[in-house]
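Notes to accompany the following structure.
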Amino acid sequence: MAKLEQLSELLVSEISQFEKTVEKLEKIQQEKLAIDSNSLEYALKQQQEKIEKALDSHSREMNSLGHKIKKAKAYPAWALTLFTASLILNGILVYIIFF
């Protein structure tokens, strides 16, 4: 009989704890917590604007670099002219000396 009384007391305490937990859950459901995402949206918009500005700046720099590369020459015109003239003169001198 003693065991039956202990089991019934244990069962009653478990049932009361379960009822308390159910009441807490009902209160939580009634509160309907809303998540405020305005600050997150604002931070994401700022980050997106920064990325767009960086991409725009990068695009302008790449276009500028492309134009500079197109205008760039491997050697200056005066150096090519001098080199060609020296080759011609050396060729003439070699021809005169050996023939």
Side-chain angles (χ1 to χ4, degrees):
M1 243 1 219
K3 292 231 180 207
L4 186 59
E5 288 177 6
Q6 288 178 352
L7 287 174
S8 64
E9 286 178 19
L10 182 62
L11 184 61
V12 168
S13 68
E14 289 293 326
I15 289 174
S16 66
Q17 286 179 0
F18 178 74
E19 287 175 351
K20 289 178 184 177
T21 306
V22 169
E23 287 176 12
K24 288 180 183 178
L25 287 173
E26 287 176 352
K27 287 180 184 178
I28 291 173
Q29 285 180 345
Q30 289 174 358
E31 288 179 8
K32 293 184 181 179
L33 299 175
I35 298 174
D36 185 22
S37 62
N38 289 337
S39 61
L40 179 62
E41 290 176 5
Y42 180 72
L44 289 175
K45 284 181 183 179
Q46 282 184 335
Q47 185 65 22
Q48 184 178 4
E49 288 174 3
K50 286 180 183 178
I51 290 173
E52 287 174 356
K53 287 178 183 177
L55 285 175
D56 185 46
S57 172
H58 182 264
S59 176
R60 281 188 272 119
E61 288 177 14
M62 289 297 110
N63 286 338
S64 173
L65 182 62
H67 291 296
K68 288 178 182 177
I69 288 174
K70 286 179 183 178
K71 291 181 181 179
K73 297 179 182 177
Y75 302 104
W78 62 268
L80 289 176
T81 306
L82 182 63
F83 180 71
T84 306
S86 68
L87 282 179
I88 293 171
L89 288 175
N90 284 334
I92 293 171
L93 289 173
V94 168
Y95 182 75
I96 292 173
I97 292 174
F98 290 114
F99 297 109

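- In this structure, NZ on K27 lies 8.5 Å from NZ on K24, to the nearest 0.5 angstrom.
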For residues 83-99, run the donor-acceptor check on the side chains, cut-off 3.5 Å, and write out each pair with its distance to 0.1 Å, sequence neighbours left out.
from	atom 1	to	atom 2	distance (Å)
T84	OG1	L80	O	2.8
S86	OG	L82	O	3.4
S86	OG	F83	O	2.8
N90	ND2	S86	O	3.2

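- Between atom CG of residue L44 and atom CD of residue Q47 there is a gap of 8.0 Å, rounded to the nearest 0.5 Å.
- Within the model, atoms CD1 of I69 and NZ of K71 stand 13.0 Å from one another, a figure rounded to the nearest 0.5 Å.
- Separation of atoms OG (S13) and CG (L11) is listed at 8.0 Å; rounding is to 0.5 Å.
- Side-chain contact between L25 and Q29 is absent, with no heavy atoms from C-beta onward closer than 4.5 Å.
- Side-chain contact check for N63 versus S59: some heavy-atom pair is nearer than 4.5 Å.
- Listed by first and then second residue, the salt bridge (charged side-chain N to carboxylate O under 4.0 Å, His left out) pairs that reach into residues 41-58 are D56-R60, sequence neighbours excluded.
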